[in-house]
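Report on the structure given below.
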Amino acid sequence: MKTALIAMRSLGLLVSVSLPLTAVCTRAEDARFPNSEDLRHVKAIAGPALSPDGKQVLFTLTDSTADGAKSHVWMVPVGGVAARQLTYSPTADKRGEHNPVWAPDGSAIFFVAKRGENTQLFRLPLAGGEAMPYELKVLPAIDDSKEPGAIPPAPQQKDPQKDQPKASEAKPEPIAINVGGFAISPDGKWLAVWAPDPETPGEKKAKDAKADAVWVNHEKHGERLYLAALKSDGTLEDSGALKAVDLAPDVRVASWSPQSDRLIVITESPNDASDLGPAGAAWLVTASATVEPIALKGVPATVRGGLAWSEDGTEVVFGAQTPEDAPPGVAELFAVGVLDTRLGGKETTDKTEPRRLMATFNGGLGFGEPVFLQDNHVMVPVTEGTRASAVRLSLDAAKAPESIPQATPVVTGLSTNRKQTGWVWLASASDQPETLCYADKLGGDCTVLATPALTTQKFKSVKSQLVQWQNEGQTIDGLLYLPPEAASGKVPLIVDVHGGPLGAWEDRHDEWTGFLIGHGWAILRPNPRGSSGYGVKFAAANKNDLGGADFRDVMAGVDFAVKNYAVDPDRLALMGYSYGGEMAGFAEGKTDRFKAIISGAPVIDQFSEYGTERGSWYDRWYFGKPWEHMEDAWRQSPLAGAGKAKTPFLLLQGESDGTDPLGQAQEMYRALRQAGVPVELVTYPREDHGPLARGIFGYPSPEPWHGFDGRKRIVEFLEKQGLGKKE
């Protein structure tokens with residue numbers, strides 16, 4: 001559970017879009033649906049960023065799976081000239097360059113990449129020259145090899161005066177860090193970097209000697225914040241070690257004030273503290289870091305980032321959990337004042353309580369950074385049903401959000417420069433691949449920028465239909481895709497259930513959909529109760545009822561599709577990943593209407609899952625601690641229905657999955673196999689939860705063949721159960 005990976009939510013502003021026909025379609029006689037090999041050659045575009053002068057746009061382009069899935073930094077002018085690649089990766093680099101940021105004066109870009117042993121911060125001057133890394137080194141805050149009782153023991157030497165052995169006192173040397181994140185101040189004079197504590201030579205020696213026992217939740221290393229002054233040419237003012245900020249780990253994100261004198265830093269307590277409850281905190285840090293950071297006590301422990309400063313530096317907005325009873329992850333935007341933080345050299349704390357800015361909004365907070373607009377409103381990404389959109393919020397919490405008109409269902413990666421001289425975003429719809437757009441004003445028409453093609457050719461696609469049905473007092477949305485074969489007869493239907501359960505299907509483009517439709521299958525993607533994007537009450541509607549009413553919402557959608565569309569009721573299948581895989585497990589024990597069920601990375605047993613997953617706070621909201629709610633936990637375990645199972649079942653599972661561990665799929669496989677149900681289990685080495693999903697669904701993956709294999713097995717399994725095209 002705990003993931004909405006399939007929904008792929010991200011920041012979106014939806015505006016009227018005017019695109020040339022060649023950008024969205026191709027001649028019918030030339031088009032075809034993508035096959036599995038085609039999905040190994042799909043690239044991904046992300047992170048558009050407008051230059052300070054508003055004339056250029058940075059973005060990252062990730063190579064296809066077949067080409068190693070490395071990301072690179074590209075730049076395209078807003079005036080119609082083709083994009084050009086700015087960064088390249090050596091063979092040894094397996095990830096590429098990422099997180100590009102403009103220098104405040106536009107003279108250079110910063111990005112992160114791994115060259116050699118460390119992940120480094122690079123600066124690339126745009127006037128010419130090579131990208132050069134910053135030599136970022138710190139004195140290690142922790143050296144376990146010198147702790148009392150360390151194994152192997154720390155070297156001893158004689159005390160010449162007392163003739164007694166004492167621990168070696170060699171002066172520590174600065175060690176290079178692996179950059180976790182960075183932020184450049186708006187005036188270009190300060191660099192903030194956060195990074196995990198580096199491994200010391202002594203620790204490496206101990207590890208090489210296999211003295212590597214792990215004392216769970218007692219880790220002293222953490223992700224810390226460092227500051228450095230920059231010269232006018234972007235080089236470090238002091239070539240020595242970075243200055244450590246006296247702030248407890250783990251640092252998650254930092255955001256500079258427009259005046260470049262302060263930054264807000266979000267931290268989360270280490271050692272899995274969040275498994276006991278929300279463990280975030282917000283801090284105000286001065287650029288010089290000469291005084292102790294100030295805790296913003298009014299910011300709740302559920303703070304998740306999404307930071308933005310007002311231009312005068314008196315207000316900050318941030319995302320955090322709604323105060324209403326809802327699953328972890330149902331967030332809103334809040335505002336808090338940070339005016340009176342330094343008066344006459346004395347420390348003070350602004351105790352203003354955060355103000356809810358979205359209490360009346362019946363949707364959800366999207367992912368991405370909000371933007372303070374020049375009229376002192378805030379543009380914030382939101383989700384509304386199957387659409388990703390944006391609203392204008394007033395800092396007066398009593399005023400309702402203002403919707404921004406939209407012509408395309410999904411837009412991601414909204415970005416503007418500090419002067420807001422233009423806006424860029426990625427536009428997408430079920431029948432429109434992602435397109436990089438530019439407009440000179442917020443809400444303006446899209447000017448398509450000339451970026452590289454994301455696929456080897458323009459593939460055929462099918463426009464989705466938004467369908468709605470009623471079940472037990474709820475109105476349920478779904479996206480329905482019908483293949484061309486539906487025009488001449490009834491077709492098989494695949495019910496595709498999203499992850500989460502706090503996820504949602506959005507009306508965006510993906511080649512995976514075309515791949516399935518190309519096999520002659522209709523697709524129904526329901527957003528049952530518990531999905532995000534429909535308000536707090538809807539998101540919370542399946543509390544202590546996983547696999548209950550939400551399952552019935554799904555089945556009511558099946559009835560709706562069979563009744564109203566050319567769907568063959570005798571050739572139905574259900575599949576899903578994460579919570580969708582869990583729903584597949586519920587379906588196995590609750591109905592025999594499906595001819596085949598496919599489950600990716602599911603939860604099967606709430607008891608064993610709860611004790612072995614990465615974090616249990618999410619599950620605890622739904623049904624409590626299993627040992628205190630035995631009947632509830634078992635009722636909401638798909639394994640409870642295994643004795644009634646009949647439907648052929650396929651399990652796809654990453655072996656390194658920490659979200660829904662391997663043992664879950666193994667439990668279901670053993671139960672169904674011993675019950676005599678046709679069941680197959682395929683596991684994928686090195687794969688974690690999200691990466692395996694992305695690979696199967698045709699997004700770039702560093703594993704060259706796992707996604708291809710998963711698609712092959714899905715098709716073969718469905719065809720084996722009689723869901724192939726009829727001759």
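Side-chain atoms are counted along with the backbone in the values below, which use heavy atoms only and exclude waters and symmetry mates. Since we're looking at a predicted model, the values are computed, not measured.
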Give a yes or no on whether the backbone of [Y] and the side-chain of [X] come within a donor-acceptor separation of less than 3.5 Å.
X	Y	value
Ser428	Glu434	no
Asp396	Ser394	no
Gln321	Pro327	yes
His221	Glu219	no
Gln606	Gln636	yes
Asp250	Glu223	yes

Does the pair [X]/[Y] count as a salt bridge with the N-to-O cut at 4.0 Å?
X	Y	value
Arg418	Glu311	yes
Arg304	Glu268	no
Asp477	Arg525	no

Set of side-chain hydrogen bond (donor to acceptor under 3.5 Å, both in side chains) partners for Arg356, sequence neighbours left out: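 Once residues adjacent in sequence are excluded, the partners of Arg356 under the side-chain hydrogen bond (donor to acceptor under 3.5 Å, both in side chains) criterion are Glu324, Glu332.
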
Heavy atoms of other groups near Glu628 CD, more than 12 under 6.0 Å: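 Enclosed: over 12 neighbouring heavy atoms sit under 6.0 Å from CD of Glu628.
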
Listed partners of Phe334 passing ring pair (Phe, Tyr, Trp, His ring centres under 6.0 Å), at least two apart: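 So Phe334 forms a ring pair (Phe, Tyr, Trp, His ring centres under 6.0 Å) with Phe318.
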
Lys/Arg cation over aromatic Trp621: Lys543, 6.0 Å, 45° cone: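 Positive - Lys543 is close enough to the ring of Trp621 and near enough to its axis.
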
Whether Phe110 and Phe182 hold their rings parallel, tilted or perpendicular, with breakpoints at 30° and 60°: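 Answer is tilted, since the angle falls between 30° and 60°.
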
